[in-house]
Amino acid sequence: MCGIVGYIGHREAYPIILQGLQRLEYRGYDSAGIALYDGDHLKVCKTKGKVEDLKNRLESEISTKGTIGIGHTRWATHGVPNDINSHPHISNSGNLVIIHNGIIENYDPLRQELINRGYSFQSDTDTEVLVNLIEDVKSKENVKLGKAVQIALNQTIGAYAIAVFDKTKPNEIVVARLGSPLAIGVGDDEFFIASDATPFIEYTNNAIYLEDGEMAVVRNHKELEIRKIKDDSLVDPYIQELQLNLEQIEKGGYDHFMIKEIYEQPDAITDTFRGRMKTKEGIIRMAGIDDNIDKFLNARRIVVVACGTSWHAGLVAEYIFEEFARIPVEVEYASEFRYRNPVIYEDDVVIAISQSGETADTMAAIKLAKEKGAFVFGVCNVVGSSISRETHAGAYTHAGPEIGVASTKAFTTQITILTLIALKLAKLKGKLSLTEFRTYLQELESIPAKVAEALKSNEQAIRVAAQYKDVANALYLGRGYNFPVALEGALKLKEISYIHAEGYPAAEMKHGPIALIDEEMPVVVIATRQGHYEKVVSNIEEIKARSGKIIGIVSKGDTEVKKLADHVIEIPETLEPFTPLLTTIPLQLLSYHIAVMLGKNVDQPRNLAKSVTVE
Ligand code: F6R
């Protein structure tokens with residue numbers, strides 16, 4: 001995920017773009033850059049680091065004059081975060097300049113073709129390929145910039161929101177979108193371009209949100225033309241009146257980053273799949289696995305090391321790996337593993353899971369596993385993070401920046417990527433037929449839409465939250481794949497509302513925790529139809545018999561649990577191994593709303609930090 005901003009009009013572009021980048025920094029903050037045209041020269045300044053670093057550098061290095069410009073804040077996908085890979089990127093002639101949010105999946109063959117035609121590249125990015133492809137088309141076909149962008153985009157596979165201009169014709173900016181958001185602010189004789197409307201809200205509240213597959217040329221401060229990229233047909237601009245105020249916008253219109261990130265999960269999971277899952281062909285492609293496939297296929301065991309929510313994702317993975325790939329799995333707290341001289345074999349594969357890629361205990365566990373000769377694979381969200389560099393190979397979750405301290409979309413995307421790995425290994429090991437494999441892939445593909453449906457339980461979560469916000473304790477129960485979800489649900493409640501909560505495997509309750517149950521105790525029970533349903537129903541009966549309050553997380557259309565529970569929250573049906581991706585959604589919503597009702601600092605809970613770089 002990246003943030004893009006552009007301006008063309010009668011004002012100085014620099015302050016508008018700089019402020020826009022600050023507002024979009026939630027979308028990515030590993031590097032930033034700006035391009036301005038001052039009437040004579042194209043000036044580009046970019047740097048690894050935050051927008052603040054860019055500001056310091058830019059104001060000392062270049063003049064900030066100019067009424068046309070573009071800016072970018074980056075969440076690296078292709079190429080490590082450094083000055084060269086930062087956007088904007090310039091074409092070989094030095095005339096075209098581009099910013100891009102997304103991934104051009106077929107950039108490699110396009111790059112090769114351009115190299116054969118004499119082009120050279122400075123960065124590792126797909127974006128530099130795109131700007132040169134546009135330039136190549138423009139000169140080869142002798143067409144205007146807009147047409148060149150359109151022809152070039154029709155040769156690409158992937159996702160993009162782009163803004164590009166030509167310094168030899170600095171009266172227009174061409175923008176386009178497919179899969180990444182792009183808004184155009186329509187002012188008086190001026191246009192604003194951005195990933196969302198936050199950068200221009202104080203200048204205009206008239207905005208056009210481009211649809212997927214559309215491009216626009218904004219010209220001469222007044223003219224605007226929208227077309228379909230595929231067939232060149234003209235589109236009538238639909239100008240919306242924005243209902244935003246300045247206070248809301250830093251969280252993209254949400255009250256907190258946490259709720260925004262909860263709602264981002266359908267897109268985040270889709271981004272995790274992107275370019276990896278080919279359902280029709282029955283293929284899962286992941287370079288980090290493909291390049292080391294023998295290590296995985298010959299693994300004696302998989303040992304997962306992680307902390308907190310990432311450890312919970314590892315526990316879900318244990319069920320999934322053992323079920324599908326039939327490889328024994330152990331899941332270790334990194335903080336315990338690192339200090340207990342664990343038995344590690346050279347043919348073990350150690351998987352380190354970490355959203356931030358900076359967690360000190362996980363880092364130390366990786367070093368120890370490497371010393372003992374194991375192959376270490378990282379599952380991280382933050383591109384270029386320490387853990388992603390320290391591991392032998394890895395896969396990014398591509399969930400986009402997670403700013404709320406309580407992990408939400410990181411958890412579901414970690415489970416997603418670990419599921420892809422397990423399914424891939426299962427197929428290669430002959431544990432799943434091609435038909436079975438395809439069935440699982442098809443179902444996985446439907447998960448983002450089902451997560452979106454599960455998010456509709458928000459209103460119910462609010463009602464349940466209002467009733468239980470003042471309790472002192474809560475229990476979370478689940479079995480099988482949903483036992484780790486019970487742990488995660490309890491952690492979410494604890495960390496942001498400071499209510500004591502415990503997660504248990506449902507059947508363990510009678511070995512002790514049942515003593516806690518009385519009419520004051522809410523018990524959240526995950527009781528989907530697919531997983532040990534009758535057993536869980538019996539556990540619910542046991543709680544009911546002791547006057548506990550039941551909040552059931554059930555499959556759509558459930559009748560049995562409904563009869564027993566005080567409240568039920570429904571989620572869509574899916575195959576049992578994928579239920580954690582759905583059951584976790586109402587639990588996130590429930591803890592969020594309880595914390596908000598209690599007036600807690602949801603995004604920055606006391607005593608916590610987003611990335612735990614100390615032991
Ligand atoms: C809980 C939470 C933490 C992290 C843990 C590991 O919501 O965010 O428990 O999961 O600190 O962090 P990462 O995944 O960055 O290694």
Side-chain angles (χ1 to χ4, degrees), residues 30 256-262 264-265 268 272 304-317 331-338 350-367 369 376-391 394-418 476 484-499 501 503 580 584-585 587-592 594-595 600-615:
D30 55 42
H256 299 98
F257 284 111
M258 182 181 176
I259 190 72
K260 177 168 153 282
E261 288 156 8
I262 289 174
E264 278 172 354
Q265 287 175 109
T272 307
V304 174
V305 290
C307 302
T309 291
S310 297
W311 184 78
H312 295 154
L315 280 183
V316 176
V331 186
E332 302 258 6
Y333 282 116
S335 53
E336 289 296 312
F337 179 90
R338 65 181 291 193
V350 172
I351 300 184
I353 309 173
S354 174
Q355 187 286 130
S356 62
E358 302 295 342
T359 302
D361 284 323
T362 310
M363 190 70 170
I366 292 166
K367 288 186 176 151
V376 185
F377 187 87
V379 169
C380 294
N381 189 35
V382 177
V383 176
S385 54
S386 306
I387 289 177
S388 68
R389 289 196 304 266
E390 184 67 33
T391 42
Y396 288 116
T397 48
H398 293 310
E402 193 181 63
I403 298 165
V405 163
S407 209
T408 51
K409 61 180 179 170
F411 180 62
T412 44
T413 53
Q414 285 163 348
I415 295 174
T416 302
I417 202 131
L418 291 160
Y476 285 71
V485 178
L487 296 179
E488 175 61 9
L491 175 61
K492 286 289 90 85
L493 187 67
K494 274 187 270 212
E495 67 182 328
I496 58 170
S497 70
Y498 319 145
I499 293 172
T584 196
I585 304 295
L587 304 191
Q588 293 170 346
L589 291 169
L590 191 60
S591 29
Y592 170 76
I594 288 178
K600 305 296 183 204
N601 185 343
V602 176
D603 281 335
Q604 286 154 353
R606 68 181 182 206
N607 306 339
L608 291 172
K610 187 69 193 153
S611 129
V612 185
T613 51
V614 291
E615 288 189 38

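Note that the numbering runs from 1 along the sequence shown for the chain. In each ligand, atom 1 is the first atom listed, and ligand 1 is the first ligand listed.
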| query | To which of Val405, Thr309, Val305, Asp361 does the heavy atom nearest atom 4 (C) of ligand 1 belong? | reply | Thr309

| request: Considering the heavy atoms of Ser354, write down every atom of ligand 1 situated less than 4.0 Å from one of them. | output: 13 (P), 14 (O), 15 (O), 16 (O)

| Counting each atom of ligand 1 from 1 as listed, which ones have a heavy atom of Gln355 under 4.0 Å away? | 13 (P), 14 (O), 15 (O), 16 (O)

| note | Within 4.0 Å of some non-hydrogen atom of Gly308, the atoms of ligand 1 are 9 (O), 10 (O)

| Of Lys409, Gln265, Glu261, the residue whose pairing with Gln588 passes side chain to side chain donor-acceptor pair (under 3.5 Å) | Gln265

| query | Any idea which atoms of ligand 1 are less than 4.0 Å away from a heavy-atom of Glu495? | reply | 1 (C), 7 (O)

| With a cut-off of 4.0 Å, which atoms of ligand 1 are near a heavy atom of Ser310? | 10 (O), 13 (P), 14 (O)

| task | Could you tell me whether a side-chain N or O of Lys600 sits under 3.5 Å from a main-chain N or O of Ser497, the two making a donor and an acceptor? | result | no

| query | CG of Leu493 to CD1 of Ile594: how many Å apart, nearest 0.5 Å? | reply | 5.0 Å

| task | From atom 15 (O) of ligand 1, work out which of Ser356, Ala410, Gly357 has a heavy atom at the shortest distance. | result | Ser356

| query | Going by the order shown, which atoms of ligand 1 are within less than 4.0 Å of some heavy atom of Ala406? | reply | 7 (O)

| message | Please enumerate all residues that pass ring-ring contact (aromatic ring centres under 6.0 Å, His included) together with Phe337, with sequence neighbours excluded. | response | none

| remark: Going by the 4.0 angstrom heavy-atom rule, the piece of Thr362 near ligand 1 is neither

| Partners passing side chain to side chain contact (heavy atoms under 4.5 Å, CB included) against Thr272 (at least two apart in sequence or in another chain) | Arg276, Thr413, Thr416, Ile417

| field | Side-chain donor or acceptor of Asp603 paired with backbone N/O of Phe257 under 3.5 Å | value | yes

| query | Where does Lys492 meet ligand 1, judged by heavy-atom distances below 4.0 Å: at the side chain, the backbone, both, or neither? | reply | side chain

| request: For residues Glu488 and Ser407, report the shortest heavy-atom separation together with the two atoms involved. | output: OE2-O, 3.7 Å

